[in-house]
Chemist: 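The structure that follows is given in the form of C-alpha cells.
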Protein chains: 4
Amino acid sequence: MEELKALAIKKLEERGVTINDIALIVKDIQSIYRNISIDECIDTVLYVISKRETIYTILTGISLDEAAEKGLLDEKVNNLIKNDKGLFGLDEILALSIVNMNGSIALTNFGYLDKIKPGIIGKIDNEGKKKIRCHTFLDDIVSAIAASAASRIAHNVEEN
Amino acid sequence: MEELKALAIKKLEERGVTINDIALIVKDIQSIYRNISIDECIDTVLYVISKRETIYTILTGISLDEAAEKGLLDEKVNNLIKNDKGLFGLDEILALSIVNMNGSIALTNFGYLDKIKPGIIGKIDNEGKKKIRCHTFLDDIVSAIAASAASRIAHNVEEN
Amino acid sequence: MEELKALAIKKLEERGVTINDIALIVKDIQSIYRNISIDECIDTVLYVISKRETIYTILTGISLDEAAEKGLLDEKVNNLIKNDKGLFGLDEILALSIVNMNGSIALTNFGYLDKIKPGIIGKIDNEGKKKIRCHTFLDDIVSAIAASAASRIAHNVEEN
Amino acid sequence: MEELKALAIKKLEERGVTINDIALIVKDIQSIYRNISIDECIDTVLYVISKRETIYTILTGISLDEAAEKGLLDEKVNNLIKNDKGLFGLDEILALSIVNMNGSIALTNFGYLDKIKPGIIGKIDNEGKKKIRCHTFLDDIVSAIAASAASRIAHNVEEN
C-alpha cells in the first residue's frame with residue numbers, strides 16, 4: 001500500500017492539489033473550535049490518505065476525471081462526467097467511501113465543504129467549470145479528505 | 001400511513017417546529033439558485049414528510065428526545081442523549097434515513113445545514129444547548145427534511 | 001433521460017445482462033415471501049432503472065469496466081479494477097447510489113445478493129474472475145438493481 | 001470510554017448476547033475463506049466494540065428496545081418498535097453507524113447476516129417475533145458487530 005499511497009499523493013499533485021492545500025482547509029474549519037498547527041493538520045491529512053479506501057478512491061476518481069478529459073469514455077458518459085452537473089451525484093457517492101470511515105463529523109463537514117468550496121476546492125471546481133480541466137470527482141475527494149481529517153482531529157482532541 | 005403522517009407533523013409542532021419553519025429554510029437555501037414561492041417549499045416539505053422513512057424517523061427521534069428529557073432511559077444513555085456531544089453521532093445517522101432517499105444534493109445540503117444551523121434549526125439547537133429541552137435528534141431531523149426538500153426542488157427544476 | 005435510460009439498458013445487454021436476468025433474481029428472492037409474476041418483476045426492474053441515479057451508475061460503472069478491459073487507465077488503477085479484489089470496495093460504494101434510494105430492505109438484500117451471487121450475478125462474476133471480461137462494477141450494479149426492485153415490491157405489497 | 005465499553009458489553013449480556021456468541025458467527029462466515037481461531041474472533045469483536053460509534057449504538061439501540069418493552073414511549077411509536085415490521089428500517093440505519101466504520105466488506109456481510117440470521121442473531125430475532133422480549137434494534141446491532149469483525153479480519157489477513 002505504501003507504493004499506492006505515494007502514487008495517490010503524486011496524482012493529487014499532478015491534478016493541482018498538494019497536501020498543504022488540504023491541510024489549510026482543515027486548519028481553517030477547525031480554527032473555530034481550537035488552535036491547531038498546520039503541521040498537525042498535515043499529519044492528519046497524511047493519516048487519512050494512508051487508508052486503503054482513501055487511496056483507492058483518489059486513484060479511481062482521478063482516473064475517471066482524466067479519462068473524461070482525454071475523451072476515452074463513451075461519448076454520453078464522457079459528457080456526463082465532463083459537465084459535472086449538480087444532479088450527477090456519483091462524485092459525492094464515491095467520496096463517501098472516505099467520509100464513511102471517519103465518523104459523523106466527517107459527514108457534516110463534507111456536506112459543508114462541498115457547498116462552500118473553500119481554498120483549493122473552489123480553485124479546482126472553478127478550473128472544472130471553466131473547462132480548463134475535468135475535476136468532477138477530484139473536488140469531492142478533496143472535500144472528503146479535508147472533512148475526514150477535521151473529524152479525526154475533533155475526535156482526538158475531545159477524547160483527551 | 002396518513003394517520004402516522006398527521007402524528008409526525010403534530011409531534012414536530014409540539015416540539016416547536018412548524019412546516020412553515022422548515023419551508024423557510026428550503027426557500028432560503030434555494031434562493032441562491034432560483035426564485036421559488038414559499039407555497040412550493042411547503043408542498044415539497046409535506047411531500048418529504050409523507051414518505052414512510054421520514055415519518056418513522058420523526059416519531060422515533062422525537063421519542064428519544066422526549067424519553068431523555070423525562071429521564072426514562074438508563075442514566076448513562078440518558079446523559080449521552082441529553083448532552084448532545086458533537087461526537088455522539090447517532091442523531092446524524094438516524095437523519096440519514098431521510099437524506100439517503102433524496103439523492104446526493106440532499107446529502108451535501110444536510111451537512112451544510114447541520115453546520116450553519118439557520119432559522120428554526122439554530123433555535124432548537126440553542127434550546128437544547130441551554131438545557132431548556134432535549135433536541136438532540138430533532139435538529140438533525142429538521143436539517144434532513146429541509147435538505148431533502150431542497151434536493152427534490154433542484155431535481156424537479158433541472159429536469160424540466 | 002429517456003434516451004439515457006435506453007442507453008443504460010443497451011449497455012447492460014452488451015455486457016451480457018438482460019432485464020429478464022435481473023427480474024429472475026427479484027422473483028427468486030421474493031418467492032419466499034409471496035407469489036409474484038415475472039412480469040411484475042420486470043416492470044419493477046424497469047422502474048428502478050428509470051431513476052437518474054441508477055442510469056448514471058450503470059453508465060459510469062460499465063465505462064470503468066470497459067476502460068479497464070481496454071487498458072485505458074493508468075496501469076496501477078487499471079490493475080486494481082481488473083483484479084476486483086474483495087478489498088477494492090469502490091464497486092460496492094458506487095452501487096450504494098442505487099440502493100440508498102430504495103430503503104433499508106434494498107440495503108440488506110444488496111449485501112445478501114452480493115455474497116451469494118445467484119443467477120446472472122454469479123455468471124458475470126465468474127466471467128470476471130476468469131478474466132474473460134472485466135465486470136468489477138457490473139456485478140454490484142446488478143445486485144443493487146435486483147435488491148432495489150425486491151425492496152420496492154416488498155414496500156408496495158406490505159403497504160396495501 | 002472504557003467504562004461505557006464495559007456497560008455496553010454488560011447490556012448485551014443482559015439482553016442475552018455474549019461476546020462468544022458474536023465471535024462464533026464471525027468464525028462461521030470467515031471459515032469459508034480461512035482457518036481462524038475463536039480467540040482471534042473474540043479479540044476482533046472486542047476491538048469493534050471498543051469503538052465509540054459501536055458503544056453508542058449498542059447503548060442507544062438497547063435503550064429503545066427496553067423502553068418499547070416497558071411501554072415507556074408514545075403508544076404508536078412503542079407499537080412501531082415492538083412490532084419490528086420489515087419496513088420499519090431504522091434498526092438497519094442505526095446499525096450502519098457501526099458498519100460504515102469498517103469498510104465495504106462489513107456492508108455486504110451485514111446484509112447477508114441480517115437476512116440469514118445465523119446463531120444468536122436468529123435466536124434473539126425469534127424471541128422478538130414471539131414477543132418474549134423486544135429485540136428490534138439488537139439483532140441488527142449484533143449483525144453489524146459480527147459483519148464488522150469479519151471485515152476487519154479479512155482486511156488484516158489479505159494485507160499481510
Side-chain angles (χ1 to χ4, degrees), chain A residues 1-12 14-15 51-101 136-137 140-141 144, chain C residues 1-12 14-15 51-101 136-137 140-141 144:
Chain A
M1 291 305 293
E2 269 315 305
E3 195 191 343
L4 285 175
K5 178 186 175 184
L7 178 63
I9 293 170
K10 182 168 154 295
K11 294 298 282 180
L12 283 172
E14 281 176 19
R15 304 296 293 174
K51 295 280 170 193
R52 173 194 292 96
E53 287 77 6
T54 314
I55 293 167
Y56 287 172
T57 305
I58 292 169
L59 295 175
T60 306
I62 289 178
S63 292
L64 276 164
D65 283 342
E66 290 178 335
E69 219 168 63
K70 298 176 192 156
L72 299 176
L73 309 173
D74 285 4
E75 193 193 354
K76 286 217 166 47
V77 183
N78 214 95
N79 292 340
L80 264 181
I81 294 175
K82 269 176 90 169
N83 296 338
D84 190 16
K85 287 238 196 77
L87 298 182
F88 181 55
L90 287 186
D91 38 352
E92 283 86 7
I93 291 287
L94 207 69
L96 283 185
S97 62
I98 300 171
V99 172
N100 281 346
M101 305 293 293
T136 298
F137 286 92
D140 296 282
I141 289 168
Chain C
M1 292 304 293
E2 270 315 305
E3 195 192 343
L4 285 175
K5 179 186 174 183
L7 178 63
I9 293 171
K10 183 169 154 293
K11 293 300 280 180
L12 283 172
E14 281 176 20
R15 303 298 292 175
K51 295 280 171 194
R52 171 192 295 95
E53 287 78 7
T54 314
I55 294 167
Y56 287 172
T57 305
I58 292 169
L59 295 174
T60 306
I62 289 178
S63 292
L64 276 164
D65 283 342
E66 289 179 337
E69 218 168 65
K70 299 176 192 157
L72 300 177
L73 308 174
D74 284 4
E75 192 192 355
K76 287 217 165 48
V77 184
N78 214 95
N79 292 341
L80 265 180
I81 296 175
K82 269 176 90 170
N83 297 338
D84 189 18
K85 288 238 196 75
L87 297 181
F88 181 55
L90 288 186
D91 38 353
E92 282 86 7
I93 290 288
L94 207 68
L96 282 184
S97 63
I98 299 172
V99 172
N100 282 345
M101 305 293 293
T136 298
F137 286 91
D140 296 282
I141 288 168

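All values reported here derive from a predicted model rather than from experimental measurement. We name chains A, B, ... by the order of the sequence lines, and we start the count at 1 in each one.
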Chemist: Where on A:E3 is there a heavy atom nearer than 4.5 Å to chain C: the side chain, the backbone, both, or neither?
Modeler: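 For A:E3, the contact with chain C is made by the side chain alone.
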
Chemist: Heavy-atom distance under 4.5 Å to chain C: side chain of A:I55, backbone, both or neither?
Modeler: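 Neither the backbone nor the side chain of A:I55 comes within 4.5 Å of chain C.
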
Chemist: Against chain C, label A:L7 side chain, backbone, both or neither, depending on which of its atoms sit under 4.5 Å from a heavy atom there.
Modeler: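 For A:L7, the side chain is the part near chain C, not the backbone.
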
Chemist: With a 4.5 angstrom heavy-atom cut-off, could you sort out which part of C:L73 is near chain A: side chain, backbone, both or neither?
Modeler: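 For C:L73, the side chain is the part near chain A, not the backbone.
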
Chemist: With chain C, which of A:L96, A:T57, A:I81 has the greatest number of heavy-atom pairs at distances under 4.5 Å?
Modeler: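 That would be A:T57.
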
Chemist: Taking atom CG of A:N78 and atom CG of C:L59, what is their separation to the nearest 0.5 Å?
Modeler: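 Result: 12.0 Å between the selected atoms.
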
Chemist: Which residue out of C:I62, C:L80, C:L72 racks up the most heavy-atom pairs below 4.5 Å with chain A?
Modeler: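 Of the options given, most contacts go to C:L80.
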
Chemist: Is the shortest heavy-atom distance from the side chain of C:I93 to the side chain of A:E53 under 4.5 Å?
Modeler: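 Answer no - side chains too far apart.
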
Chemist: Using every non-hydrogen atom in the two residues, find where A:F88 and C:T60 come nearest and quote the distance to one decimal.
Modeler: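 Looks like CZ-OG1, 3.7 Å.
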
Chemist: Could you give the distance from CG (C:D74) to CD (A:E14), rounded to the nearest 0.5 Å?
Modeler: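 Going from CG on C:D74 over to CD on A:E14, the span is 7.5 Å.
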
